[in-house]
Amino acid sequence: MGEVSMSSLRSYDLADFPIPTGREEVWRFAPRKALKPLLEDVGSDGHLEWETTLAGLELRAIDADEARARAASAPVDRISALAAAHSGQAMLLEVPADTNHPEPLLIDLRGTGREPVVWGQLLIEVGRGAKATVVVRHTGTAQYAGNISVVVHDGGSCEFVSIQNWSDDSVHAGHIATRVGRDARLRSVVVTLGGEAVRLVQTVDYSGPGGDVDVRGLYFADAGQRFEHRSFVDHAQPHCRSNVVFKGALQGEGARSVWVGDVLIQPTAVGTQTYEINRNLLLDDGARADSVPNLEILTGDVVGAGHASTTGRFDEEQVFYLRSRGITEQEARRLVVLGFFADVLDGIDVPMIRSELMRAVEAELGYVHEAEH
Amino acid sequence: MSQLIIDNLHVEVESDAGAKEILRGVNLTVDTGQTHAIMGPNGSGKSTLAYALAGHPAYTVTAGTVTLDGEDVLAMSVDERARAGLFLAMQYPVEVPGVSVSNFLRSAVTAVRGEAPALRGWLKEMRGAMANLSVDPSFAERSVNEGFSGGERKRHEILQMELLNPRFAVLDETDSGLDVDALKVVSDGVNRVRAGGEVGVVLITHTTRLLRQIPVEFVHVMWQGRIVAEGGPGLADEIEANGYEQFTGATV
């Protein structure tokens with residue numbers, strides 16, 4: 001087992017995060033060349049186009065001080081610190097305490113070009129005892145450094161979905177900071193399908209006992225695409241649960257994915273239950289997946305703690321079996337890949353988003369529905 | 001009536017030691033309505049014949065022909081063969097994680113029938129077929145073969161055969177790993193399909209166990225990649241009594 005590679009340092013001070021050289025543990029897999037514009041301390045008035053469906057709720061702009069006060073966590077690295085510094089204001093979606101929003105709250109962020117660089121901050125706050133589903137979709141073309149904060153207050157419940165389906169020349173990096181209160185529940189799903197380079201760091205913090213967090217991820221990297229997902233679950237409160245599941249498929253020359261999952265169980269976090277798993281499916285030669293689970297346990301009193309990681313080639317025997325029942329090769333591959341992703345997709349409670357993502361995975365496979373001919 | 005003709009079939013399999021010829025000139029003709037048994041000791045080439053007919057990529061046909069009513073089966077892809085009416089019940093069906101049995105069956109039935117069955121009628125049909133094979137309804141939502149016992153996998157194979165209604169079905173060691181009760185359930189399933197009179201069945205087995213449940217008209221003995229003896233049901237009795245030595249001894 002390796003050391004916890006993610007620095008526990010959280011800071012708004014840029015001096016804490018010098019420009020990486022690539023030798024740092026947290027940057028060693030990163031596509032630094034593509035990320036270069038997002039590592040430079042240069043302000044910008046660039047922005048994404050926002051479109052929302054919020055069922056009576058509103059997004060409102062807050063200033064940098066309020067954003068700091070409300071954010072789930074301070075930045076974790078240079079890019080997220082720059083995003084906090086240069087976005088100026090932040091957008092806040094507040095779900096009032098004890099309200100229930102069964103319909104998904106949709107936030108569409110669309111990039112309109114690579115220049116100028118865009119710095120952004122979005123905060124989502126689910127009040128005490130409230131229940132909401134929030135979906136953030138990133139599309140279009142951009143070089144974007146964006147932080148998303150999700151805070152679920154005591155007894156609240158949130159399903160949070162972030163979809164990265166950028167154009168092939170887009171670059172996106174940022175920090176997804178999440179924090180749950182006492183007996184609060186968060187189910188997050190991060191889905192990365194499009195972009196030249198996407199690097200997302202998700203932190204999970206607990207501000208009271210009884211917190212319950214699912215961190216799920218799905219990525220599909222094509223030729224030349226580089227997707228990196230890191231998660232850091234910091235168990236500092238007793239009797240909390242975390243479950244991390246990331247599944248990735250890679251196809252084509254130069255397709256590259258990185259997953260680093262860190263779980264730290266602090267001495268105070270007695271009764272913790274945690275599991276993390278990453279599975280990668282290599283659909284052909286020329287793709288590479290790096291997978292690094294780290295688990296550090298500093299208390300003797302845990303309910304359960306484990307991790308797993310596998311990277312395997314596409315199983316042609318499965319395709320043969322399906323084809324031997326008359327199913328075409330393309331349909332067989334579609335079934336096998338969707339089956340591979342099933343435990344992430346099935347965990348998405350919003351049927352519209354689930355089927356949208358299934359369609360998106362099918363599109364990655366070059367699959368065209370009969371009805372669309 | 002349809003006819004499946006296997007003529008002088010030679011098949012190689014790729015191994016670490018290079019290509020190895022497993023089938024060395026197999027001849028077999030099966031009509032719909034007939035049931036044949038291919039018997040032989042382990043390693044005689046029976047399963048290779050089954051996989052070669054289904055078109056598994058690891059098996060290369062180097063000579064001979066297979067035709068279904070004159071159509072060249074060997075020119076067809078794996079899925080085209082299935083849609084043409086060939087079915088292979090596999091000895092070791094693989095797990096397909098995340099693909100539910102119901103989704104799989106519906107996809108297969110849609111492919112073979114050429115159109116998606118209407119949902120209502122389909123559910124009834126699927127549930128009925130599952131009940132016939134004593135398959136618990138909860139299996140519909142489980143992943144294909146994942147965590148299935150040996151017997152459950154075999155029943156699942158026969159379930160597919162019943163729903164896909166092939167013209168020719170090859171059952172590869174379907175009796176292996178089944179207890180007495182499961183053997184009965186599976187045999188009843190095969191006999192139901194046979195009763196329609198429109199399927200040609202080839203049972204591949206190295207024991208006579210299955211043949212006591214499923215009556216066969218023709219028995220073929222395979223050894224070293226060829227059929228070395230043929231006869232009626234009495235041949236199976238003879239094998240039961242005296243083993244394979246009389247055939248294998250003659251050709252070694």
Side-chain angles (χ1 to χ4, degrees), chain A residues 216 218 220 245-249 277-284 308 310-348 351 354-355 357-358 361-362 365 367 369-373, chain B residues 50-59 76-116 141-146 153 156-157 159-161 163-166 169-170 172:
Chain A
R216 291 194 177 89
L218 182 164
F220 197 129
V245 180
F246 274 78
K247 291 241 176 146
I277 185 166
N278 173 227
R279 290 200 192 286
N280 293 296
L281 181 62
L282 303 176
L283 293 171
D284 52 29
T310 60
T311 295
R313 297 202 169 278
F314 193 72
D315 187 350
E316 295 294 344
E317 290 295 328
Q318 294 177 349
V319 173
F320 170 73
Y321 185 69
L322 298 176
R323 292 183 71 193
S324 78
R325 277 30 175 166
I327 297 166
T328 62
E329 180 171 12
Q330 193 186 41
E331 173 75 6
R333 291 176 77 87
R334 182 186 79 96
L335 286 169
V336 169
V337 173
L338 283 178
F340 171 75
F341 284 130
D343 48 2
V344 173
L345 291 171
D346 292 350
I348 297 171
R354 193 168 55 231
S355 53
L357 292 176
M358 287 172 74
V361 170
E362 289 166 354
L365 292 167
Y367 187 88
H369 275 267
E370 293 292 329
E372 290 168 8
H373 281 305
Chain B
Y51 277 113
L53 288 176
H56 192 287
Y59 299 85
M76 300 179 192
S77 68
V78 174
D79 43 292
E80 283 169 347
R81 295 178 196 201
R83 293 197 295 275
L86 280 178
F87 180 86
L88 169 61
M90 298 195 197
Q91 185 176 5
Y92 303 111
V94 298
E95 298 182 357
V96 191
V99 178
S100 71
V101 166
S102 68
N103 187 14
F104 165 59
L105 293 176
R106 189 171 156 82
S107 297
V109 163
T110 299
V112 167
R113 294 182 191 170
E115 60 176 355
E141 297 315 314
R142 288 179 59 179
S143 292
V144 170
N145 292 320
E146 197 175 46
R153 287 185 192 212
H156 184 232
E157 293 295 289
L159 172 66
Q160 294 165 47
M161 183 176 83
L163 288 169
L164 295 177
N165 196 24
V170 179
D172 188 9

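Lettering follows sequence order; numbering is per chain, from 1.
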- Query: After noting the C-alpha distance and the side-chain angles of B/F104 and A/I327, does the key distance pass the side-chain contact (heavy atoms from CB on, under 4.5 Å) rule?
  - Reply: CA-CA 9 Å; B/F104 165 59; A/I327 297 166; 4.1 Å; yes

- Determine, stepwise, if the pair B/V96 / A/V336 fulfils side-chain contact (heavy atoms from CB on, under 4.5 Å). CA-CA 7 Å; B/V96 191; A/V336 169; 4.1 Å; yes

- Nearest heavy-atom pair of B/A82 and A/G326: which atoms, and what distance? CB-N, 3.2 Å

- Task: Grab the two heavy atoms, one from A/F320 and one from B/P57, that are nearest each other, plus how far apart they are.
- Result: CD1-CD, 4.0 Å

- Item | B/V109 versus chain A, the contacting section by heavy-atom distance below 4.5 Å | neither

- Given that the side chain runs from C-beta out, which part of B/A89 has a heavy atom under 4.5 Å from chain A: side chain, backbone, both or neither? backbone

Produce the donor-acceptor pair table for chain A versus chain B, cut-off under 3.5 Å.
{"unit_1": "A/E317", "atom_1": "OE1", "unit_2": "B/H56", "atom_2": "NE2", "d": "3.1"}
{"unit_1": "A/E317", "atom_1": "OE2", "unit_2": "B/H56", "atom_2": "NE2", "d": "2.8"}
{"unit_1": "A/Q318", "atom_1": "NE2", "unit_2": "B/E95", "atom_2": "O", "d": "3.1"}
{"unit_1": "A/Y321", "atom_1": "OH", "unit_2": "B/N145", "atom_2": "ND2", "d": "3.4"}
{"unit_1": "A/Y321", "atom_1": "OH", "unit_2": "B/E157", "atom_2": "OE2", "d": "2.4"}
{"unit_1": "A/Y321", "atom_1": "OH", "unit_2": "B/Q160", "atom_2": "NE2", "d": "2.9"}
{"unit_1": "A/R323", "atom_1": "NE", "unit_2": "B/D79", "atom_2": "OD1", "d": "2.7"}
{"unit_1": "A/R323", "atom_1": "NH2", "unit_2": "B/D79", "atom_2": "OD1", "d": "2.7"}
{"unit_1": "A/R325", "atom_1": "NE", "unit_2": "B/Q160", "atom_2": "OE1", "d": "2.5"}
{"unit_1": "A/R325", "atom_1": "NH1", "unit_2": "B/L88", "atom_2": "O", "d": "2.6"}
{"unit_1": "A/R325", "atom_1": "NH2", "unit_2": "B/L88", "atom_2": "O", "d": "2.9"}
{"unit_1": "A/R325", "atom_1": "NH2", "unit_2": "B/E157", "atom_2": "OE1", "d": "2.5"}
{"unit_1": "A/R325", "atom_1": "NH2", "unit_2": "B/Q160", "atom_2": "OE1", "d": "3.3"}
{"unit_1": "A/G326", "atom_1": "O", "unit_2": "B/R83", "atom_2": "NH1", "d": "2.8"}

